[in-house]
Amino acid sequence: RLAPVLQRLGWTPRPGESAAVSVARQHLILALADLGDPGVIAEAGRRFSAFLASPSSLPAGIREPVLKVAGSHGGEAAFEALQRLASSSHDLQEQRSEYVALAGAEDAALAGRALDLALAPSTPTSTGMLMIHEVAQRHIDVDAVQAPAGRARIERGERAGQRRRSDACRLDRHGEE
């Protein structure tokens with residue numbers, strides 16, 4: 001039922017379209033990818049590849065959902081490409097989008113790598129927290145991914161004033177203190 005709506009709206013934003021249409025397109029791309037729609041996943045992958053070759057090829061209106069679909073469904077190659085983009089980005093908003101996109105990886109090993117990046121000193125704290133949230137969205141049992149080591153790092157950072165206790169507690173899915 002959703003695919004025909006995206007087909008009607010199209011992937012490319014049109015000049016003068018309303019903000020509501022743009023937001024609907026973004027949500028449809030993400031929802032259909034989350035539901036495993038192979039056409040949407042393939043198209044997002046194609047657009048991500050084109051973006052890597054020529055960044056101007058990806059309209060700003062679909063940049064975030066395309067990056068997120070690539071990050072969740074693109075495997076190690078997309079993860080590494082997003083990591084390269086984020087680490088070389090000079091725009092904090094773009095960097096945040098790229099890091100959050102790679103944190104949505106469906107693969108547990110990649111999710112663990114995303115947590116390592118989220119907790120790295122070079123990652124801004126607010127971006128790291130968004131990354132942890134994104135990993136937790138896809139991997140309910142964060143402990144199975146890597147929470148014990150990450151939790152210790154968050155707690156050390158909290159004592160140094162870098163992280164809040166409430167954020168550290170989000171990692172704990174078993175009620176342990």
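None of the values given here were measured: they were computed from a predicted structure. Basis for what follows: all heavy atoms, side chains included, without hydrogens, waters or symmetry-related copies. Residue numbers run from 1 in the order of the sequence given.
In terms of modelled atom types and a separation under 3.5 Å, the side chain of E17 and the main chain of R14 share a donor-acceptor contact. Of the possible polar contacts, none joining the E76 side chain to the L110 backbone as a donor-acceptor pair under 3.5 Å is found. Without hydrogens or angle criteria, S97 side chain to Q93 main chain gives a donor-acceptor distance under 3.5 Å. The backbone N or O of A86 lies less than 3.5 Å from a partner atom in the side chain of Q95, making a donor-acceptor pair.
For the atom pair CG of D116 and CZ of R113, the computed distance is 9.0 Å after rounding to the nearest 0.5 Å. To the nearest 0.5 Å, the span separating CZ on R46 from OG on S57 amounts to 8.5 Å. In this structure, the separation between CG on L119 and OG1 on T125 is 10.0 Å, given to the nearest 0.5 Å. Annotation: the span from K68 atom NZ to D34 atom CG amounts to 9.5 Å, rounded to 0.5 Å. Separation of atoms CD1 (I41) and CD (E43) is listed at 12.5 Å; rounding is to 0.5 Å. Annotation: the span from L117 atom CG to L82 atom CG amounts to 11.0 Å, rounded to 0.5 Å.
Looking only at side-chain heavy atoms (C-beta outward), L85 and F51 come within less than 4.5 Å of each other. You'll find the side chain of S87 reaches within 4.5 Å of the side chain of Y99, heavy atoms only. In this structure, the side chains of L2 and D37 stay at 4.5 Å or more apart for every pair of heavy atoms. Looking only at side-chain heavy atoms (C-beta outward), M131 and L102 come within less than 4.5 Å of each other.
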Given the rule in the side chain to side chain contact (heavy atoms under 4.5 Å, CB included) test, do I29 and R25 qualify, once you have shown the distances and angles that lead to the verdict? CA-CA 6 Å; I29 291 168; R25 176 182 296 108; 3.9 Å; yes

What's the verdict on side chain to side chain contact (heavy atoms under 4.5 Å, CB included) for L58 and F48, showing C-alpha distance, side-chain angles and the deciding distance? CA-CA 8 Å; L58 188 60; F48 180 67; 6.0 Å; no

Step by step, would you call W11 with L6 a side chain to side chain contact (heavy atoms under 4.5 Å, CB included)? CA-CA 7 Å; W11 279 74; L6 179 58; 3.9 Å; yes

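Under the rule for a side chain to side chain donor-acceptor pair (under 3.5 Å), the partners of E98 that lie at least two apart in sequence or sit in another chain are R63.
Under a 4.0 Å N-O distance rule, the pair E64/R96 does not qualify as a salt bridge.
The neighbour count for E106 CD, taken as heavy atoms of other residues, nucleotides or ligands under 6.0 Å away, is above 12.
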